[in-house]
Amino acid sequence: MIRLALHGIGTVLAEAGNNVDTSDLNSYFAPRRLRRVDHFTRMTMLAGCRALHDAAGTEQKDLKTTLPLPENMGIVVSTGFGPSQTTFEFLDSIIDHGADCASPLSFSHSVHNIPAATMSIFLNNPKPNTTICQLHGPLMTGLQTSACWLAEERVQKVLLGVVDEKTPLLEDNSRRLLDRKDPRCKHIPVGEGACFFLLSAVENGAEAKYGTLEMENLSPQELQETGFPGPVLAPARILPRLENLHLRATATQQTDTPCAAGPELAFAAIQAMDKGESCCIEQCGNNFGLITVKPQG
């Protein structure tokens, strides 16, 4: 079992079917600096900044506000598809103009680690940063990577984010694939958003605002045999599979994305502060990641 202290949460979410509004990022950084920053990276940066303020108990008022930045902090971004729009734009430019005249700007923004690196540059935080891209279990993998960095003492805190954006092509493909794979989920709209968590090792988390996270990877049978201490949240897409296992869970977000477990963990942590322990479940291939939030005290 992996245990981490949870200091802060930052979210950038949208209503089902809508795009995320990132205009608040202009109060953190000068609009001129942001003019070439793509939508995926803007979501990443805004949610990350909000998590830092949440951990410090401060808020952003204008460009003169100093962003509270922990010493020796690394950045981990986990995503299902990465910056999809810029990736498709780069591929379109190859088709339209050939490899020799493909858009260099679209190419640079399509590199999956650009959002994490851009955040590191904007925060003036030249510390380790990396991006994980996988369709199954991106939240659990991000938490495991964060735990490794902290155990190695590579950094003292990790700003972990899960981010995905939607595009028309992803929406079309999701409907087509779900029609074939699980018709019960085909009416869940593709969503987008970013959720960030400021984490540390438990021994350095005596004053962690949200207490601790305990994570384990379980088979379906092991999950059935687990006694949940409180409310259970899970992405909308996996609710039918949990029902087949005779397990009850709730989805706060009625949207579909590989990183949908991020918002569910954020709401579980907030819920745990008032109601005691809470859980979040993420599907990881044929198994499940169980994340239990235990508040301070």
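A quick note: this is a predicted structure, and the numbers were derived from the prediction, not measured.
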Between [X] and [Y]: side-chain donor-acceptor atoms closer than 3.5 Å:
| X | Y | result |
| --- | --- | --- |
| E192 | T257 | no |
| D38 | T41 | yes |
| N287 | S219 | no |
| Y210 | D54 | yes |
| E282 | H136 | no |
| Q134 | T141 | yes |

Member of E71, M119, M73 meeting the side chain to side chain contact (heavy atoms under 4.5 Å, CB included) criterion with N125: M73
Any side-chain heavy atom of [X] sitting closer than 4.5 Å to one from [Y]?
| X | Y | value |
| --- | --- | --- |
| L170 | F81 | yes |
| V12 | R42 | no |
| I281 | I238 | yes |

statement: The complete set of salt bridge (charged side-chain N to carboxylate O under 4.0 Å, His left out) pairs with one or both residues in residues 214-223, sequence neighbours excluded, reads R3-E214, E214-K294
field: Contact list for residues 141-158, test salt bridge (charged side-chain N to carboxylate O under 4.0 Å, His left out), sequence neighbours left out
entry: E152-R154
message: Checking one residue: L13. Which other hydrophobic residues are in its cluster under the side-chain 4.5 Å linking rule?
response: L233, F267
Please name the pair of heavy atoms, one in [X] and one in [Y], separated by the smallest distance, quoted to 0.1 Å.
| X | Y | value |
| --- | --- | --- |
| C279 | P229 | SG-CD, 3.6 Å |
| V155 | G74 | CG1-N, 3.6 Å |
| C195 | G262 | SG-C, 3.7 Å |

- prompt: Would you call the rings of F29 and F122 parallel, tilted or perpendicular if under 30° counts as parallel and over 60° as perpendicular?
  reply: perpendicular
Do [X] and [Y] sit in one hydrophobic cluster, given that two such residues count as connected whenever their side-chain heavy atoms are within less than 4.5 Å of each other, even indirectly?
| X | Y | result |
| --- | --- | --- |
| V77 | L69 | yes |
| F197 | L143 | yes |
| L139 | L159 | no |
| V232 | L290 | yes |
| F40 | L34 | yes |

More than 12 heavy atoms of other residues, nucleotides or ligands under 6.0 Å from [atom1] of [X]: is that the case?
| X | atom1 | result |
| --- | --- | --- |
| D62 | CG | yes |
| E203 | CD | yes |
| R35 | CZ | yes |
| R248 | CZ | no |

message: Go through it in stages, so that I can follow the logic: the residues are Q60 and H53, the test is side chain to side chain donor-acceptor pair (under 3.5 Å), and I'd like the CA-CA distance, side-chain angles, deciding distance and then a yes or no.
response: CA-CA 7 Å; Q60 189 76 16; H53 272 303; 2.7 Å; yes
task: Give the intermediate values and the outcome of side chain to side chain donor-acceptor pair (under 3.5 Å) for residues S23 and N26.
output: CA-CA 6 Å; S23 58; N26 293 330; 5.9 Å; no
